Amino acid sequence: MQGVGFRPTLHRLAAELQLAGWVLNTTTGVICEVEGPEDQCREFFRRMHGEAPPLSRITASFMEMLPPVGFNDFSIRRSEEEEGEVTLISPDTAICADCARELLDPADRRYRYPFINCTNCGPRYSIIEALPYDRPHTTMSAFAMCEDCRREYEDPGNRRYHAQPNACPVCGPQVWLSSREGGRLAERDEAIQQAVRMLSEGRILAVKGLGGFHLA
Ligand SMILES: [Zn+2]
Ligand SMILES: [Zn+2]
């Protein structure tokens with residue numbers, strides 16, 4: 001399944017087992033080559049199944065022994081487009097416990113940021129425009145990551161490593177409140193507070209979510 005942090009997990013496993021090689025997403029699944037002592041390679045394959053990330057599901061897997069190539073390091077390669085069968089796409093997933101904690105932490109840079117997400121949660125299906133699942137193929141391609149988000153995105157040790165919808169208040173999408181006619185009444189936190197006031201006055205709001213509208 002794409003967008004669930006599978007490649008970063010293989011990256012970490014390869015580092016732990018001191019294996020070189022590469023991994024890539026294709027529209028039919030993940031392909032990974034690792035190079036090193038045979039025992040370590042078999043251990044990699046075994047642990048891959050046991051340590052797959054929470055949102056992932058391995059429906060089929062197989063291993064093949066190849067002649068050594070002499071890789072120097074382990075890399076995540078650019079996704080390949082392939083004809084034919086299409087891989088599973090993750091559904092949008094509710095906020096995870098780590099993001100929920102950051103959301104309510106006044107010291108966190110995503111404090112009260114409605115579009116907080118990470119590799120273990122957030123939008124997937126609703127933002128995908130084409131496969132394979134990579135940021136340029138999502139509606140997030142319109143938002144260039146700021147330096148802080150980019151650093152998280154590129155750090156294999158970070159929870160947001162290759163999290164395609166990664167965003168923050170500086171660089172990501174924002175909420176706003178519109179009148180029935182479409183005029184902009186308020187933005188960001190003020191929009192949410194005003195929406196709360198309107199609801200408590202008994203007014204009806206259409207809350208636009210990832211996949212549609214919710215009438216409140
Ligand atoms: Zn999360
Ligand atoms: Zn950012």
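In this text the structure is predicted, and so the values were computed from the model without any measurement. Values reported hereafter were calculated over all heavy atoms of this structure, with side chains retained and with hydrogens, waters and symmetry mates removed. In each ligand, atom 1 is the first atom listed, and ligand 1 is the first ligand listed.
Around the Zn ion (ligand 1), protein N, O or S atoms at less than 2.8 Å comprise C96 SG, C99 SG, C118 SG, C121 SG. Taking a cut-off of 2.8 Å, the protein N, O or S atoms nearer than that to the Zn ion (ligand 2) are C146 SG, C149 SG, C168 SG, C171 SG.
Pairs engaging residues 165-184 under the salt bridge (Lys or Arg N to Asp or Glu O under 4.0 Å) rule: R184-E187 [sequence neighbours left out].
Considering only residues two or more places apart in sequence or on other chains, E16 meets the salt bridge (Lys or Arg N to Asp or Glu O under 4.0 Å) condition with R12, R47.
Side chain of S126 to backbone of R124: no donor-acceptor contact under 3.5 angstrom is found.
Taking all atoms of both residues into account, the shortest heavy-atom contact from Q40 to L17 is NE2-O, 3.1 Å. Between P169 and R188, the shortest heavy-atom distance links the atoms O-NH1, 3.7 Å.
Side-chain contact annotation: Q174 with Y113, donor-acceptor N/O pair under 3.5 Å absent. Side-chain polar atoms of T119 and H162 form no donor-acceptor pair below 3.5 angstrom.
Here the side chains of I192 and V175 are in contact, with some heavy-atom distance below 4.5 Å.
Counting non-hydrogen atoms of neighbouring residues, nucleotides and ligands closer than 6.0 angstrom, the CG atom of L66 exceeds 12 such neighbours.
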